[in-house]
Number of protein chains: 2
Amino acid sequence: MRRTVSIFGSTGSIGRNTVDLLCRQGGAEVYDVKVLTGAGNVTLLAHQAIELKADVAVTAEASRLVDLEAALAGTGVCATAGVDAVVDAANISVDWGMSAIVGSAGLAPTLELAKQARILALANKESLVCAGELVQATCTESGCILIPVDSEHCAIFQALAGGSNSDISRIILTASGGPFNDWTKSQMADATLEQAMAHPNWDMGQRISIDSATMFNKALEVIEAKQLFGVRSDQIEVIIHPQSIIHSMIEYNDYSIIAQLAAPDMRGAIGFALNWPDRPALPVDKLDFGAIAHLNFATPDEDQFPALRLARRVLKIGGLAGAVFNAAKESALDRFISGDISFLDMARLVESVLEDLHIKAGQGSSLDGLSAVMAIDLEAKERGFKWVPA
Amino acid sequence: MRRTVSIFGSTGSIGRNTVDLLCRQGGAEVYDVKVLTGAGNVTLLAHQAIELKADVAVTAEASRLVDLEAALAGTGVCATAGVDAVVDAANISVDWGMSAIVGSAGLAPTLELAKQARILALANKESLVCAGELVQATCTESGCILIPVDSEHCAIFQALAGGSNSDISRIILTASGGPFNDWTKSQMADATLEQAMAHPNWDMGQRISIDSATMFNKALEVIEAKQLFGVRSDQIEVIIHPQSIIHSMIEYNDYSIIAQLAAPDMRGAIGFALNWPDRPALPVDKLDFGAIAHLNFATPDEDQFPALRLARRVLKIGGLAGAVFNAAKESALDRFISGDISFLDMARLVESVLEDLHIKAGQGSSLDGLSAVMAIDLEAKERGFKWVPA
């Protein structure tokens, strides 16, 4: 019997790598692909759906339905469109579901997948940042196994195999430091979009590359780690490791540290989640320590990267502070990409919105439901778009 | 009910650290200490036995019985002496037994412990090098759980928790490179005993410190890894890592690597074996990656360190080649310590004896029994002592 799979966000960086691995591991002969979803790139979406003989292809952009239908005409793949259609498509039972939509838009389909999938491969970190308690409670209720596909958290998941969460004394998240690791703060004030997108190690999408340059991505990962592994916030440490070879580490109470290392290639984490608990060969590079020669580490500068300080603030506020933080960050990112605010303004905007909403956020909980999360997400985004630089 | 424990080799470096941990974790109130054994240092042995309220203290040196009896007079601790008394003392059932006698002298008590202990903490690597199949078969028959206390193999044991031996593609043993890592071979030709004993990271006994300088210790560990984890010899790689922070790594078939890191302090591995599967706090330093800053790696130079090449030769010959290799190495070490041969002569002697006996070694097996192992051990030592430098 073929394993049933769905991929939400199949045309993005994680999604394309997931499709690549499915094809390498036998494609439609091995996997019964139920759903692929994408946004505006319907040409690629249709191509993937035809190659994997998917039942349904969904574009989140309702206006692109005509184009998707045309591209799929005569192929037997059903086309649907719209944000609601994406969520509906997640309401189809599968053995394995990949949640790889970027941003808080991934939350609703992730929650549906958590109800319907036997294994949820979670690349959409915002689900955990905005609604970690709700995602975990949904998985617990349905019996869904959550495997994180963020490279850091996948590393911790692997390092923790056979160990117990209660024995953890520290989670050490590694951070490349991004393209501005060696820059001064005054140099960063004039950073351009192009410079912010030039990540030294990882080939990723535009938004996550900029989030790496601000270290907002790492801040999200701190919150994600707290939600995934149930540690206290003072047990999560970030360390700069420019080579991105050690993907993260856990320290046990006896001060023994278990680390996971691999070449910086997301197909490692995606393939781990796809094949878990087996470990067949993957098309990733083997590490050669003679050639690597050095692994470097440094304590991050929180004046240069205020996002890390803000992550701790979010964990202290609790409740829906993660949703506020992520939404404010998304609006800041939109405004930086459009040239409306400067690189350093992004953190200023986020801090301002977080402080505006911290009391309200602290009183809420994702367990109140998706609508509560989306309401504060919207409010934070509106405040973010209205924020005025000093 | 107190846990019953015995320590074989309690006055050496590993043994003293084991006693230290037992005392810190509650001593005689928590542990019911059955047996402590030592060699010539009967003063320390008696002191340990009194502190831990052991039933029996055994000195391997028959001539020291009078001194041991005097030191234990009126304490209620029974004193015995002689090599056979050490083996007899291993024939007492315990929950946890530490085998930390140095050299092939540890083999016979290790085999008895493997029959009598529920958990065997194995620091005597020579047991595995000389008679790995026999040790493993004995543990399998008795149901004894073997936990390696060599820091590298303990690292692999920890890294492999939750994984499967059949998914291993590579074992990467780290080696500090010892005190001569940056020396040229011609400098090493004149190395003195004092220089060879000056290990940069680990505070160990004289013999193992010199074995680290020649990398014979690492060669033994390659053979030990093969015996412990059942991989092919071409799956074991040695990498120079001068800081001794990463204690070893395993690579799975998907090229994901799991590493164990800790401060270079044997109490980490001893405490892991003592408390397994729990992980209470241990009196070892916590790693600070900001302070560590760099971890370095290099491919070892097998011309400078021929021991690594000889280890592969041993694995190729199989049978009792490990016993020959270890015995020749022990005789070479004795002759270097006594000033009889030079530092580089040690590897020449071992290679010569190994080639003399390789056919005989290849035809034997440790499964033929302890006497077969000890016979070829004796023959290799005799040849080692007779070997004449070129």
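Lettering of chains follows the sequences in order, A, B, ..., and the numbering in each one begins at 1. Keep in mind that the numbers below use all heavy atoms, side chains included, and drop hydrogens, waters and symmetry copies. Note that this is a predicted model, so its numbers are computed, not measured.
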Step by step, work out the side-chain contact (heavy atoms from CB on, under 4.5 Å) result for B:Val5 and B:Leu52. CA-CA 10 Å; B:Val5 307; B:Leu52 286 171; over 6 Å; no
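With rounding to the nearest 0.5 Å, the separation of CZ in B:Phe289 from CG in A:Leu295 is 10.0 Å. Here the straight-line distance linking atom CG of A:Leu122 with atom CG of A:Leu228 works out to 7.5 Å at 0.5 Å rounding. Taken to the nearest 0.5 Å, the CD1 atom of A:Ile250 stands 5.0 Å off from the CD1 atom of A:Ile168. If you take CD1 on B:Ile236 and CG on B:Leu315, they are separated by 6.0 Å, rounding to the nearest 0.5 Å. From B:Ile119, atom CD1 reaches atom SG of B:Cys144 across 8.0 Å, with rounding to the nearest 0.5 Å.
With a 4.5 angstrom heavy-atom cutoff, A:Leu287 touches chain B via backbone and side-chain atoms both. In this structure, chain B has a heavy atom under 4.5 Å from the side chain of A:Ile172, while its backbone stays farther away. Both the backbone and the side chain of B:Ile258 come within contact range of chain A, with heavy atoms under 4.5 Å apart.
For the set B:Pro283, B:Ala262, B:Pro277, B:Ala259, the entry with the most heavy-atom pairs within less than 4.5 Å of chain A is B:Ala259. The candidate from A:Ala293, A:Ala291, A:Gly290 with the greatest count of non-hydrogen atom pairs under 4.5 Å with chain B is A:Ala293.
The shortest non-hydrogen separation linking B:Gly268 to B:Val284 is N-CG1, 3.8 Å. Between B:Ala117 and B:Gly97, the shortest heavy-atom contact is CB-N, 4.1 Å.
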So between chain B and chain A, what donor-acceptor pairs come in under 3.5 Å?
| from | atom 1 | to | atom 2 | distance (Å) |
| --- | --- | --- | --- | --- |
| B:Gln158 | OE1 | A:Ser256 | OG | 2.6 |
| B:Arg170 | NH2 | A:Leu287 | O | 2.8 |
| B:Glu251 | OE1 | A:Lys286 | NZ | 3.1 |
| B:Asp254 | OD1 | A:Arg279 | NH1 | 3.2 |
| B:Asp254 | OD2 | A:Arg279 | NH1 | 2.8 |
| B:Ser256 | OG | A:Gln158 | OE1 | 2.6 |
| B:Ser256 | OG | A:Gln260 | NE2 | 2.8 |
| B:Ile257 | N | A:Leu261 | O | 2.8 |
| B:Ile257 | O | A:Leu261 | N | 2.7 |
| B:Ala259 | N | A:Ala259 | O | 2.8 |
| B:Ala259 | O | A:Ala259 | N | 2.8 |
| B:Gln260 | NE2 | A:Ser256 | OG | 2.8 |
| B:Leu261 | N | A:Ile257 | O | 2.7 |
| B:Leu261 | O | A:Ile257 | N | 2.8 |
| B:Arg279 | NH1 | A:Asp254 | OD1 | 3.2 |
| B:Arg279 | NH1 | A:Asp254 | OD2 | 2.8 |
| B:Lys286 | NZ | A:Glu251 | OE1 | 3.1 |
| B:Leu287 | O | A:Arg170 | NH2 | 2.8 |
| B:Ala293 | O | A:Phe297 | N | 2.8 |
| B:His294 | ND1 | A:Asn296 | OD1 | 2.9 |
| B:Leu295 | N | A:Leu295 | O | 2.8 |
| B:Leu295 | O | A:Leu295 | N | 2.8 |
| B:Asn296 | OD1 | A:His294 | ND1 | 2.9 |
| B:Phe297 | N | A:Ala293 | O | 2.8 |

